[in-house]
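Have a look at the structure below, then the notes.
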Amino acid sequence: MRGFQALLVERKDLTEGTTGRYHGLLHSGGRYAVKDPAAAVECIEENRILRRIMPDCLEDTGGFFVTTPWDDPAYAEKFLAGCREAGIPVEELSIGEMLAEEPLLNSQISRCFRVPDAAADSFLATHANIESARHYGAKALTYHEVKALIRENDTVVGARCLDLVGDEEVLITADLVVTAAGAWAGKLAGSVGLEVAVVAGKGVMVAVNHRIVHTVINRCKMPSDGDIIVPIHTVAVIGTTDRRVADPDHYPIEPAEIKLMLEEGEKLVPGFSQMRMLRAWAGVRPLYQETGTADTRDVTRAYTLLDHQRRDGVGGLITITGGKWTTYRQMAQVTVDRVCEQLGVERECRTHAEPLPGSEAGTNHTLGARLRRVEADVDYGRLVCECELVTASQVEAALSEAHSIDDLRRDLRVGMGPCQGGFCTYRIAGMLAAAGRPRLEANVSLRDFLEERWKGLRPVLWGDQLRQERLDELIYLSVLNVDHLPGPSTSRFGPVAYAEATDG
Amino acid sequence: MIHVPPEATLDHCIKCNICVTACPVAAVTDLFPGPKYEGPQAGRFRGASQPVVDHSVDYCSGCRVCNQVCPTGVRIAEINARARALMVSGGAVSRRLRLRNNLVARPEAIGRLARPVAPLANLLLRSRPGRWLGEAVLGLDRRAPLPPYRLRGFRSWFKRHPRPAGAARTVAYFQGCSTEYFEPRVGRAAVAVLEANGFAVLLPPQNCCGLPLLSNGEFKAAAHYHDSNLAKLVGYIKDGIEIVGTSTSCTLTLKEEAPELLGAYGEAAVLVAEHTFDFHEFLRRLRDEGWLAPVVRAVPLRLAYHQPCQYRAHRIGSPATELMGLIPGLEIVESQAACCGIAGTYGYKQEKYDIAMAVGAPLFDFVDSVGGPLAVCDSETCRWQITHGTGVPAIHPVELLAYAYGAEPEGPLAEVLG
Amino acid sequence: MAESVVGVGGGLAGLVAAWRAATVGQRVELVTQGWGALAWHAGTIDVLGYQGGVLVAAPGKAIDDLGRRHPDHPYAKAGLANLVQALAAFGQLCGEAGYPLEGSLEKNWLLPSAVGALRPTCLAPASMIAGDLTRGDPMLLVGLEGYQDFHPELAATNLAAQGVQADSIMLALPALRRRAFLNARVLASLFEEAEFRAQVVAKIGNAVGSVARVGFPAVLGLERATEVRAELEASLDREVFEIPVLPPSIPGLRLQRILRTAIESAGGRVHDGMSVVGAEVEGTRVKAVLTEAAARRQRHSGDHFVLATGGILGGGMVTGFEQPPREVVFGLPVETPAGNGLAPRFFDPGGHSVYRSGIRVDSRLRPLNARGPRFANLVVAGSAIGGCDPIAERSLEGVALATGWLAGGRSVEET
């Protein structure tokens, strides 16, 4: 937008990383109102901006902060004061009003406050951003992994990448390199001898099979693990944990973390731990620290912009890291401001003002929007993913861009519903074959996707969901005999498994 | 009693398609994508506080076949019924259709108006201009089987009916709108059978059970009807008197549909539910306890019997078949058909009539193939639909029992037995 | 005096047990929450497809072997003789119903799956066997536009990659466009209409070329399957075969109908929608089971009881967070194999050990606890029995038939 020739390089599919393993929360800032007032202000400011520029990616669920019997009642007043101080709109509800809106909440909750939290679709937001960027001439190379930055003396001049699709090396030269690589920022900087201490803080989230609440529910207490439930599309997600991991590419989902999520969920919604858990996932958040700290939650969540010219005497490189999803736009703004400064130009940021593609109508997404569209659409008989109401035409349109069924999932939500790919995987594999993709691709795509789904199912597989998986096994093993199809059992576009759990 | 809200059961769905395969409506029309789509699947896209987005769920007939075949216990039909109620309260049903629905859903109110002028009302309802008008203005299909009103209702007959002397036990009879306004002979047969078994029958004050309103998503009105019945009936139960009914839909409503759809599990609702019996269920219990009086004559007929889909929803097996099995000479050929199609008020509607007839086609073929002079069925609207689809008159199983116990037959049974 | 048998669970095992008991004069009542895996599976009788990851060519011999090496396997408990009898009887029943099954324990068929893999099975309906992949001659696979649960191109390409010549064609027909929701049930009804079949044959036209056989998704009629296929074969002048697809399984439902009809003809009753919520026991005898009904429980008393509620898929066994599998009707002890329960990969060659959980039974199929048979008049059939993973080894119907047959006859011998 500011007239630079921009090229985005992403090692996998967009949102395959931390951005796609999100909780789904657009913060009001209430969570930080007591602990980190500066972050709270950042959040509410960006909250307002994002509501203006990407309403279609957001569902205006609102949020509750509730004092449960396990929470210090004195915190509530501090919370109120902190919100007011930060300019976060807050109003108290009676418990009767709270239960009228959210009947499943714990009736022993003593206080409830409404704030402007919202649910955010990170997949959609990312696609909207990249669409806008492309509109302004930017290019995006997915499945291009940066193996190392290229440094000539004291200047970073580009990057050496591996094109995963074509399986060849690609060299990119640029006037300026910005690494926005999240928890991998340290690795990239390290490739040219610079030290950037980014700690990978793993967070685990669990999705409940359906929307048990329609409002974001937060515990009114000092922030810690498992204290938020977010309704996002057709599920409700509880999260999260915060465990430091050494390798951002290799970490487990521990049974103790799952147990914690269930126990904490039970406090907000009695009966929670008996409900059907759909899936668990984990992502790593980047926590930058100049010095080492044991508990990553104490590391600041404010973001960090590293101008390596000033910091290390190495030009041509800027690192932006830390932060949270809610403040992504602001992080990008300050980064590009610094880019302008380094390149000696003055160009104003407009991202706070211009609506993203798809959000021109100015209306928020609603839960039933997909159902309404499908009911009105003559194509609704051809639902490829019935759980999430994805039609054959939608899949056909997205097929050419996809390198795996998981890529399609990020675009369309196929396979994200209760059956976790039980029916749509075969259908899409068939469509891949019919579209003339090489046969082995259809076979391995099918296998890869079922493995990818399995990776998030396994940590929470019991009860109804285990029964579901057994039906999926009946289909793919016993009826289709997929495990005896020719071809490799996985491809380079296949899932990266979580590490085996070590505890319990 | 189940207190889990139906929507919570959607978590049990494993998307297996059994319900879709069994659904008689999805088999014949695209307007209804099927129970899986409407219930547990669309259910994840709904919320009480969310804007209404449904359209096709209105084509669910409420036959509950889906519930019967679901291997994991999803309360699909109830999820659909409640989604329809949200459609109605959310303003998604047009004023004209809502007026029409409310009219057909209030047989008692209409009955009270029509009965005093029954001959005129019947003339109008049978006349072509009358039916054309009904269709054009209200969307009541001109072909749908509207039964004739009787000038003299069941309650009025019962008032003059002599109490049996020395009755050992007492039972309360829930007559239902059809017995009162259209087929009082069914009520008379029920009384005869109960009295033959040593019961004194009481007829409590009562009103329409409200099922047609529930089926049309008019929950507020239905709750009013249900509460009114509870107030009238609970006293009997507290006095140790049980309630028996010949209309399967009415008894199902009191037992389960009203509490579950309305979330009404107060003391009176639970008491009435637990002490309401289908007629043959009640007799079967008598038989099991050794109290059932032997029948005194045979019925030398071979007849087709259709167990209504709503009967299966009671989940009590086939007591009617068992009881009819006690009548010498009577050969009952049981239908395997899922549903007659009428589904209460569904098949009367212009936009659903053809679907209803397509759904009922296998049953009509079956009745024709049996070739008996009568068809037997516990539900009144099913009887009218069967006759409409085959021309064969239809009776309630209790009428056969009454005759077997020595009572004078009436109506179609009388004509057949000469 | 005929004794009464109450069966719990309407899957294949429960249906077979009820059928056998009814045909030997017992008064049979089968209660089931809903339909069983017949509605999902291939509609074939899989006896043993893979052992230790290796394809089984001769299931009879392999079972003999299996029984000796794994004495806890349901086949070992029921015995090969029961399997042989059950297969023979069931084959005869289907034949008499006009829906013959072909095959024997001597040799597994290798039939095409909907994805083009080679699927081993022991008995297959006549409607499928022209797809026999050991024949070696080419085939044409036909898909129907708008029907997403069979992709002939994928199947054909995979078959070709495995040395079987197969071509594919997709048919676009007006009748298919008139219905937006094309599922197997709708298609099965369409195929029962002569006009639709004529459209199909006309549309295939010359594409049939010189192949001797044409494969369709398994939707060729529900009630009149044999007639439908005969007419298609006559019109196409080729052999016709069906390929099992994603659920619902029309071939499986055909088998379900045949069994239910047989049970009812023999005076038994099958009740859907009846979920067992409790049992009445007195010492070592089961007196009754209680099913959930509207506003009450329905009591089903009997002299003998058969538990055929399945494993985790059937719902006979439930699991929970950090809770081992639990048997829902009688609370019978469930044996859970040691190990992690769930392997790291979905397609792990060793399967997932949690699915081998089940009830331990004696050779009379009576459930055992630490001291011996818990009940004198209760037997267990089907996937509720532990000691095997019928999906991983492709023995779903074989286990159901062998144990269901024994269970249904067992109650006779009890008298």
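Within every chain, numbering begins at 1; the chains are lettered A, B, ... in the order of the sequence lines, protein sequences first and strands thereafter. Side-chain atoms are counted along with the backbone in the values below, which use heavy atoms only and exclude waters and symmetry mates.
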Quiz item: Within the side chain of N481(A), is there an N or O that forms a donor-acceptor pair under 3.5 Å with the backbone of L118(C)?
Solution: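 It does hold such a pair.
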Quiz item: Backbone N or O of G463(A) within a donor-acceptor pair of the T319(C) side chain at under 3.5 Å?
Solution: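 Yes, because the side chain of T319(C) sits within donor-acceptor range (under 3.5 Å) of the backbone of G463(A).
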Top of [options] for chain A proximity - count of heavy-atom pairs under 4.5 angstrom:
| options | value |
| --- | --- |
| H352(C), Q162(C), E393(C), Q323(C) | H352(C) |
| L313(C), L55(C), V245(C) | L313(C) |
| A37(C), G314(C), S168(C) | G314(C) |
| A114(C), A42(C), G49(C) | A114(C) |
| G315(C), A156(C), P120(C) | G315(C) |

Go through the atoms of [X] and report whether side chain, backbone, both or neither lie under 4.5 Å from a heavy atom of chain A.
| X | result |
| --- | --- |
| N183(C) | neither |
| L396(C) | side chain |
| P390(C) | both |
| V115(C) | both |
| P349(C) | neither |
| E322(C) | side chain |

Most heavy-atom pairs under 4.5 angstrom with chain C, which of [options]?
| options | result |
| --- | --- |
| L457(A), D472(A), D483(A), V460(A) | D483(A) |
| L450(A), L466(A), I475(A) | L466(A) |
| K259(A), Q465(A), R447(A) | K259(A) |

Distance, nearest 0.5 Å, that separates [atom1] of [X] from [atom2] of [Y]:
| X | Y | atom1 | atom2 | answer |
| --- | --- | --- | --- | --- |
| R427(A) | L246(C) | CZ | CG | 6.0 Å |
| I312(C) | L471(A) | CD1 | CG | 13.5 Å |
| L477(A) | D389(C) | CG | CG | 8.5 Å |
| N158(C) | N443(A) | CG | CG | 4.0 Å |
| L480(A) | I243(C) | CG | CD1 | 11.0 Å |
| L474(A) | S249(C) | CG | OG | 9.5 Å |

Practice problem: With a 4.5 Å heavy-atom cut-off (strictly below), which parts of residues 415-425 of chain A touch chain C? List them by number. | Solution: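 Counting heavy atoms that sit under 4.5 Å from chain C, the residues of residues 415-425 of chain A involved are F423(A).
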Quiz item: For chain C, which residues of residues 260-284 of chain A have at least one non-hydrogen atom nearer than 4.5 Å to it?
Solution: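 Under the 4.5 Å heavy-atom cut-off, L262(A) qualify.
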Quiz item: Does atom CD of E396(A) have more than 12 heavy-atom neighbours from other groups under 6.0 Å away?
Solution: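 Yes, enclosed.
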Exercise. Examine R453(A) relative to F346(C) and say whether NZ or CZ is less than 6.0 Å from the centre of the six-membered ring and inside a 45° cone about the ring axis.
Key: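 Relative to the ring axis of F346(C), which defines the angle, R453(A) lies outside at least one limit.
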Practice problem: Evaluate the criterion side chain to side chain contact (heavy atoms under 4.5 Å, CB included) for residue pair T490(A) and R345(C); output intermediate values, then yes/no. | Solution: CA-CA 11 Å; T490(A) 188; R345(C) 286 180 69 79; 4.1 Å; yes
Quiz prompt | Interface moiety of W454(A) toward chain C, non-hydrogen atoms closer than 4.5 Å | solution =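 For W454(A), the side chain is the part near chain C, not the backbone.
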Exercise. Could you please spell out the steps behind the side chain to side chain contact (heavy atoms under 4.5 Å, CB included) verdict for L182(C) and R382(A)?
Key: CA-CA 8 Å; L182(C) 284 178; R382(A) 291 177 63 216; over 6 Å; no
Practice problem: Report the relative orientation of the aromatic rings in H484(A) and Y50(C); use parallel for angles under 30°, tilted for 30 to 60°, perpendicular for over 60°. | Solution: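 Because their plane-to-plane angle is under 30°, the rings of H484(A) and Y50(C) count as parallel.
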Quiz item: How close do Q148(C) and V384(A) get, heavy atom to heavy atom, and via which atoms?
Solution: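 Closest approach of Q148(C) to V384(A): OE1-CG2, 3.1 Å.
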Quiz item: Shortest non-hydrogen contact from H41(C) to V479(A)?
Solution: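 Heavy atoms of H41(C) and V479(A) come nearest at CD2-CG2, 3.6 Å.
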Quiz prompt | 4.5 Å side-chain heavy-atom contact, V318(C) and W462(A) | solution =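 The answer is no, as the side chains (C-beta and beyond) never meet within the 4.5 Å cut-off.
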Quiz item: Salt bridge or not for D348(C) and R458(A), using N-O below 4.0 Å?
Solution: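 Salt bridge flag = no for R458(A) with D348(C).
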